Amino acid sequence: MSAPSSTSTVPSAGAPGGRRRLARGALAAAAIAYVALLLLLPLIGIVVRAFEPGLSIVGDTLSRPEVTHAFLLTAIITLITIVVTTFFGLVVAWVLVRQRFIGRSFLNAVVDLPFALSPVTVGLAAVLLFGTGGWLTDFFMARGIQVLFALPSMILVTTFICIPFTIREVVPVLEEFGLDEEDAARTLGASIWQTFRMVTLPNIRWALLYGIALTTARAIGEIGAVLIVSGTIAGLTETATIYIFTALEERLVAQAHVVALVLALTSILVLVAIEWLHRRNEKARSNA
Amino acid sequence: MSMPIKVEGLTKHFGSFEAVQDVTFTAAAGSITALLGPSGSGKSTVLRMIAGLEQPTAGRIWMGDDELTAKSVQERAVGFVFQHYALFRHMNVADNVAFGLRVRKEEKASRDARVKELLELVQMTHFAHRYPDQLSGGQRQRIALARALAPRPRVLLLDEPFGALDAKVRQDLRRWLDELHRELGVTSLLVTHDQEEALELANQVVVMHEGRVEQAGAPADVYNDPATAFVAGFVGAANVLHGHVVHGHVHLGTFQVPGADHLEEGAAVAAYVRPHDVRVTEEETGVRGRIERMATLGWLARLSIKLSGGETLVAHVPHDELGGAKEGDEVWVDLRSPKAFGIESDSAGSAASADPVNGQGVTSPVA
Amino acid sequence: MSGAAQTVGIRSVPVRSKDRTGAALRHLGLRGAALIYLGAMVLVPIAAIVTKGFGDGLTSFRTALAVPGAWPAIRLTLLTSAVATLINAVMGTLLAWVLVRYRFPGRRVLSAVVDLPMAIPTLVTGLMLLTLYGPNSPIGQALEGVGLRVAFTSIGILLALCVVTLPLVVRQVQPVLLELDPAEEEAASTLGAGAWFSFRKVVFPAIRPAIVGGGLLTFARCIGEFGSVVLISGNLAGKTLTAPVFIFQLANQFRPAEAASIATLMFAISFVLVLVTARLLARRAEA
């Protein structure tokens, strides 16, 4: 149907006629309403509920030893996951973009596999590998290393789930920048390490940081896989998310809400901080 | 300090593709040598092998007495200018120019002095704190040149440095590079597909085609004495006429031109005649033709002449030599210094394919 | 100046210096590290699941489906995932369109909010929904008053899936819309095409691969979703128990073989989907 105003030939110019404006208003309203219903309202709900019993509940909850331990455990797992996925993620991204070899497209497909696995399945895989009769159980038992129902397996499953984030953020940027700048650096006398540090890394740093932010958010929030491998030993293998889960089972609803709020805020802050840094950097450059 | 570059038997295969075949030439110290050829002729690969960015399949490379063949890119200390500038986009202009000094751990004071000196040289002093994406193409290429020169390279390698720029900027930069080279005297290798650029800038032109050197020599020699049909067709514009050899002349149906003494009697040949070697006269010499079209290029007239035998020639004639001839007039046409090449050989075959149909055309316009 | 070189003996193969060999070794080393990392971290666990799940060949799938409650759980998961994918394919495209084409106050806030599900832990998302629509909340009670029960029903599951996969389609479609040349639409409208017609004939074909790609990612994510679902679904066997939660329960009851065969079945479905997505996205990148 053509717009009532026949003078307007450019759709984006917006016809003065009311029907088109009405349609646009309706579409925008529908989009906003959908997001509000799905996200904003529940977010407000949880904030309200967390503070319902009074502000003191926040302090009380956060000073409980099992809560501080849960946060500590989440922090340790997240930190190690970030280090491992960043380091190896850079290696894999570099190899995928800069090297041509048989099996490269297979390697490329393997990177996406964690997206195809339910976190629950990942946890189950760890149980099968390290539990009774597992492929690797005897190897670690003989060395006295407890993997399952302990920190190592919790780190392993979280790392597995977070592997694709850094790689998928870095690869397209690395591809886009091409080889010219790296070649230029080498002809100017830079060693491989200097080239990486002074040319490659600065070019991919925002993609890398964004990948790390996604990794952080996912590692902090992981529940399905760690729940299975942790054994849920209170005060020992309980992460922050597991604490929420068990607190709800034990009817400690207020405490669960407080911990949930802290977790959500942390993840949001990480993403916002990266976005803000990026913006500021762009602005500093355009002012130069 | 300027050094000669010598490459010998340089060969590069990518899988089964022979990108470069047995390339040998010497670039004299302090000169500019142009590697000229169409895209895909292997000229950039030669340059990248000299820089160490590609490894040769065979052959050797020297700079002075120093053999580079097995050395790393970093050890070669060459200056390289890329077609698409390859400036570090996260660094400002000054940091770009300083890069080669920074990786050599030069002190900040001497680094800053050198950067200042080079920015003056390329007339970009006021842009020191700009980022590459805030510069025009011509400005970026000047910065790229300053960056390549900063660590005082022994030779300068330029890979289609003006290829991505528009015509006017290209002309200006070409003149500017010429002056800069006279001032610095650093041995330079220039890869280009623009014959005009090669002829204007270089002391020596190496014409490449399908991975091989067709001819190497001074610009005047390459232009006036093309060694192969490919060179005759690629360097400068030329009319191509097909005929055969009779008594050392090229027989072209109704008329003949000299210059086939070196060819066998009866052989099929292509004769290359430059547009400015086609003369229009009132004397009864050469062959009859009709001026089909006439366009003026300033002091020159560009004529399209249909010969009595049916071939069409392009001629560039000064207006004062036309003697009042107009479009549609019948005139006498004299063909000077034709270059004849047998067309059995590979090179002639590919040169013929570069020409328009029925053998008349001009392969590239003369400015 | 013919450039003839002095005769020097030509070696057909250049000498390999230490540096060159070092560079080649570094390349091989990095490649080896990449292969070992992905092999040990990704392939070994998947192999463990698949060998266990395929323990008795194809019959093990039949055993898995014979586990009481298995088939209803799988059916529920596939059904809710399909519906959630459809909803977000439509709403995600709408959101991308509104974010790219319209200028209105709060647009940047809306854009940021769309990304929130990537930041908020899934379990927290589930808790949020339970808090808002659960039996203890005024909204939940009001909805129940008009006969709509959200918590502990498949509607709750659907809601959770829609929330956690909200950004996937939006973030696939948005860049394609941004790159789309408005001249094409302008051309269509100068030819007399209305807004809806030019959307269908000009815009939609261009963003279709992105919608399909985002949709497949959404579906793969949905059929594995645990955190956001486990709280709001109520996990009633045969009614609101989804496959991932069922696998979790089996694993906790020390029935890893049955868990593994259901997990392998679900993995096979989303594996095929992820491969298809990768192909589609690659084709889009080439175009």
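Given the structure is predicted, the values throughout are model-derived calculations rather than measurements. So you know, we letter chains A, B, ... as the sequences are listed, proteins then strands, and number each from 1.
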Next item on the list: Check whether any side-chain heavy atom of Y34(A) sits under 4.5 Å from a side-chain heavy atom of I87(C), and report yes or no.
Entry: yes

Checklist line | Taking every non-hydrogen atom, the tightest pair across V91(A) and L30(C) | finding: CG1-O, 3.5 Å

Margin query: Go through it in stages, so that I can follow the logic: the residues are L113(A) and F267(C), the test is side-chain contact (heavy atoms from CB on, under 4.5 Å), and I'd like the CA-CA distance, side-chain angles, deciding distance and then a yes or no.
Written below: CA-CA 9 Å; L113(A) 277 180; F267(C) 167 62; 4.2 Å; yes

Item checked: Proximity breakdown for V245(C) and chain A, heavy-atom pairs closer than 4.5 Å -> neither

Next item on the list: Determine the minimum heavy-atom distance between A48(C) and A125(A), stating which atoms define it.
Entry: CB-O, 4.4 Å

Next item on the list: Can you measure from CG (L123(C)) to CD1 (I242(A)) and round to the nearest 0.5 angstrom?
Entry: 10.0 Å

Note to self: Taking side chain as everything from C-beta outward and backbone as N, CA, C, O, which of these in L27(A) sits under 4.5 Å from a heavy atom of chain C? Side chain, backbone, both or neither.
What the structure shows: both

Checklist line | Region of L271(A) that comes under 4.5 Å of a non-hydrogen atom in chain C | finding: side chain

Note to self: Please classify the contact of L107(A) with chain C as side chain, backbone, both or neither, using a heavy-atom distance under 4.5 Å.
What the structure shows: both

Margin query: Rounded to the nearest 0.5 Å, what separates atom OG1 in T132(A) from atom CZ in F254(C)?
Written below: 8.0 Å

Checklist line | Heavy-atom proximity to chain A below 4.5 Å, by part of L166(C) | finding: side chain

Item checked: Top of A257(C), G39(C), G224(C) for chain A proximity - count of heavy-atom pairs under 4.5 angstrom -> G224(C)

Checklist line | Closest-packed option against chain C by number of heavy-atom pairs under 4.5 Å, given W94(A), F101(A), F115(A) | finding: F101(A)

Notebook entry, point to check: What option among Q99(A), R49(A), R104(A) has the most heavy-atom pairs under 4.5 Å with chain C?
Noted result: Q99(A)

Notebook entry, point to check: Measuring heavy-atom distances to chain A, does F271(C) have an atom under 4.5 Å in its side chain, in its backbone, in both, or in neither?
Noted result: both

Checklist line | Contacting moiety of T51(C), where chain A heavy atoms sit under 4.5 Å | finding: side chain

Next item on the list: Below 4.5 Å from any heavy atom of chain C, which atoms of L156(A) appear? Answer side chain, backbone, both or neither.
Entry: both

Check: Using non-hydrogen atoms only, which part of T85(A) is less than 4.5 Å away from chain C: side chain, backbone, both, or neither?
Finding: both

Next item on the list: First locate atom CG of L38(A), then atom CG of L159(C), and finally report the distance between them rounded to the nearest 0.5 Å.
Entry: 5.5 Å

Next item on the list: Could you tell me which non-hydrogen atom of S118(A) sits nearest to which non-hydrogen atom of P244(C), and how far apart they are?
Entry: OG-CB, 4.0 Å

Margin query: Under 4.5 Å from any heavy atom of chain A, what part of I247(C) do you find: side chain, backbone, both or neither?
Written below: both

Note to self: Just so I understand: if I count every heavy-atom pair under 4.5 Å between each of G123(A), A23(A), G103(A), A260(A) and chain C, which residue has the most?
What the structure shows: A260(A)

Item checked: Top contributor to chain A interface from S137(C), C162(C), A34(C) [non-hydrogen pairs under 4.5 Å] -> A34(C)

Next item on the list: Pick whichever of I139(C), N252(C), T131(C) has the most heavy-atom pairs under 4.5 Å with chain A.
Entry: T131(C)

Next item on the list: Answer with side chain, backbone, both or neither: which region of I49(C) has an atom nearer than 4.5 Å to a non-hydrogen atom of chain A?
Entry: both

Margin query: So which residue, L116(C), T264(C), L127(C), I120(C), ends up with the most heavy-atom pairs under 4.5 Å with chain A?
Written below: L127(C)

Next item on the list: Identify which part of V253(A) has an atom lying under 4.5 Å from any heavy atom of chain C, answering side chain, backbone, both or neither.
Entry: neither

Check: Nearest 0.5 Å, what's the CD1-CG distance between I46(C) and L117(A)?
Finding: 5.0 Å

Note to self: As an exercise: rank L40(A), L265(A), V95(A) by heavy-atom pairs under 4.5 Å with chain C and give me the winner.
What the structure shows: V95(A)

Checklist line | From CG (L231(C)) to CZ (F245(A)), nearest 0.5 Å | finding: 6.5 Å

Item checked: Top contributor to chain C contacts, counting heavy-atom pairs under 4.5 Å, from A31(A), A217(A), A28(A) -> A31(A)

Checklist line | Distance (rounded to the nearest 0.5 Å) between K52(C) NZ and W135(A) CH2 | finding: 10.5 Å

Check: Highest number of heavy-atom pairs under 4.5 Å with chain C: which of T216(A), V127(A), L124(A)?
Finding: L124(A)

Notebook entry, point to check: Can you find a pair of side-chain heavy atoms, one from F226(C) and one from T121(A), that are under 4.5 Å apart?
Noted result: no

Item checked: Where P42(A) and L129(C) come nearest, the two heavy atoms and their spacing -> CG-CD2, 3.8 Å

Notebook entry, point to check: Measuring heavy-atom distances to chain C, does F87(A) have an atom under 4.5 Å in its side chain, in its backbone, in both, or in neither?
Noted result: neither

Checklist line | Option that, when pairs with chain A are counted at under 4.5 Å, heavy atom only, ranks first among M41(C), M128(C), R101(C) | finding: M128(C)

Notebook entry, point to check: What are the two closest heavy atoms between P256(C) and L128(A), and how far apart are they?
Noted result: CB-CD2, 3.7 Å

Note to self: When you compare the side chain of V98(C) with that of R24(A), does any pair of heavy atoms fall below 4.5 Å?
What the structure shows: no

Notebook entry, point to check: What part of A47(C) gets closer than 4.5 Å to chain A, counting heavy atoms only: side chain, backbone, both or neither?
Noted result: both

Margin query: Among H27(C), M266(C), R221(C), which residue has the highest count of heavy-atom pairs closer than 4.5 Å to chain A?
Written below: H27(C)

Next item on the list: Check L94(C) against A30(A) and note the closest heavy-atom contact, atom names and distance.
Entry: CD2-CB, 4.0 Å

Note to self: Do P117(C) and L39(A) make a side-chain contact, defined as non-hydrogen atoms from C-beta onward lying under 4.5 Å apart?
What the structure shows: yes

Note to self: Quick check on L35(C) against chain A: is it the side chain, the backbone, both or neither that has a heavy atom closer than 4.5 Å?
What the structure shows: both

Notebook entry, point to check: Under a 4.5 Å cut-off applied to non-hydrogen side-chain atoms, are L248(A) and L130(C) in contact?
Noted result: no

Note to self: Under 4.5 Å from any heavy atom of chain A, what part of R107(C) do you find: side chain, backbone, both or neither?
What the structure shows: neither

